[in-house]
Amino acid sequence: MSGIITRRAVLTTGALGAGALLSGCDKFQNGAATRPILFAGEQINYGLARALTNRDSLAKEYRPDQMSPLFRVNGTANPNTPTYNAMVAEKFANWRLKVGGLVNRPLDISHQQLLAMPARTQITRHDCVEGWSAIGKWHGPMLGTILKAADVRTTARYVVFTCADLYSGHNYYESIDLIDAFHPQTILAWAMNDAILSVAHGAPIRLRVERQLGYKNAKYVMQIDAVDSLSKIGKGKGGYWEDAIDYDWYAGI
Ligand SMILES: Nc1nc2c(c(=O)[nH]1)N[C@H]1C(S)=C(S)[C@@H](COP(=O)(O)O)O[C@H]1N2
Ligand SMILES: [Mo]
């Protein structure tokens, strides 16, 4: 094959080939500055990741004694807008999570309601594309529970998260597909490391999508919309960093 690996070759190489390729992922936690890229090009990367890994499988969960003593804050540390500051002052008593788009039952969920929902606790590793990782404990309802309550229409393919923080006047946004949205470890975390989620880490709720890189884990989530296409979201690549500096939309690890 003279060094060129075709998609077909990879898919037919079997366990050995897949294992050799995926072993590159282990290097990430040793502090490599960039994650290993299997192939350039969004479509083939996404297709390959889906073909080579079982996206329904669970991300590794850790023991409490493995939690990082310090979990870095990255990106926005405080949205610091008048609206957000007012919500912090009220301890999010008047905050609402809006769920809309392609759903049959749009939702408007209060912080109290969210905290009363059945929740999951998971200790996982967060990998930032800038080359650091941290293990933390997250607690909150499964996103799938909320999407089921909203009754997502069959035409929907993605969910888009709109956040309270602004980058050059535009809200941070991210999106994932419905496979990741309904994954059991995909939660809307309202607590971290056994404490109510801090402003620095995304209060009142932040997405945990454990099979994907840090930037997909949207903090300060205000609104969730089910959509059939990402083309009209931002500049069309499905997320703030994807649009701004060409990060991969599918950031599976
Ligand atoms: N709303 C919002 N979400 C965000 C970001 C951000 O700037 N704004 N940064 C992302 C990046 S790059 C990372 S690594 C993580 C950092 O989360 P942390 O501050 O809890 O470590 O949040 C992600 N989600
Ligand atoms: Mo990041």
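Note that this is a predicted model, so its numbers are computed, not measured. Whatever order the structure lists ligands and atoms in, that order sets their numbers, starting from 1. These numbers come from the heavy atoms of this one structure, side chains and all, not from hydrogens, waters or symmetry mates.
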Top protein contact for [atom], by heavy-atom distance:
| atom | answer |
| --- | --- |
| atom 24 (N) of ligand 1 | N217 O, 3.0 Å |
| atom 11 (C) of ligand 1 | Y215 CA, 3.7 Å |
| atom 8 (N) of ligand 1 | D165 OD2, 2.7 Å |
| atom 20 (O) of ligand 1 | H201 ND1, 2.7 Å |
| atom 3 (N) of ligand 1 | K219 N, 2.9 Å |
| atom 17 (O) of ligand 1 | R206 NH2, 3.0 Å |
| atom 23 (C) of ligand 1 | G214 O, 3.3 Å |

Y172 and W241 aromatic ring geometry - parallel, tilted or perpendicular at 30°/60° bounds: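 Ring orientation of W241 relative to Y172: perpendicular.
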
Does any non-hydrogen side-chain atom of [Y] lie less than 4.5 Å from one of [X]?
| X | Y | value |
| --- | --- | --- |
| P204 | L197 | no |
| V159 | D177 | no |
| V103 | D151 | no |

Could an N or O of ligand 1 be found under 3.5 Å from any N or O of R72, whether backbone or side chain?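 Yes, R72 has an N/O under 3.5 Å of an N/O on ligand 1.
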
Check whether any N or O atom of W138, backbone or side chain, sits under 3.5 Å from an N or O atom of ligand 1, and answer yes or no.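 No; every N/O pair is 3.5 Å or more apart.
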
Closer than 4.0 Å to some heavy atom of [X] - which atoms of ligand 1 meet that?
| X | value |
| --- | --- |
| C128 | 14 (S) |
| Y220 | 1 (N) |
| V73 | 19 (O), 21 (O) |
| G75 | 7 (O) |
| F71 | 21 (O) |
| W132 | 14 (S), 21 (O) |
| C163 | 1 (N) |

Could you pull out, from [options], the option with a heavy atom nearest to [atom]?
| atom | options | result |
| --- | --- | --- |
| atom 14 (S) of ligand 1 | H126, E174, M222 | H126 |
| atom 7 (O) of ligand 1 | Y173, Y247, Y172, Y167 | Y167 |
| atom 16 (C) of ligand 1 | T76, N74, L166 | N74 |

Donor-acceptor side-chain pairing of [X] and [Y] below 3.5 angstrom:
| X | Y | result |
| --- | --- | --- |
| D127 | S133 | yes |
| D165 | N171 | no |
| R211 | S57 | yes |
| Q212 | N217 | no |
| R206 | Y220 | no |

Hey, do the aromatic rings of H111 and W190 have their centres closer than 6.0 Å?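 Between H111 and W190, the centre distance exceeds or equals 6.0 Å.
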
Would you say the rings of Y158 and W249 are close, in the sense that their centroids are separated by under 6.0 Å?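 Ring centroids of W249 and Y158 are less than 6.0 Å from each other.
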
Where do R157 and D228 come nearest, in terms of heavy atoms and distance?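 For R157 and D228, the tightest heavy-atom pair comes out as CD-O, 3.7 Å.
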
Return yes when A218 approaches ligand 1 closer than 4.0 angstrom through a heavy atom, no otherwise.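 Yes, A218 has a heavy atom closer than 4.0 Å to ligand 1.
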
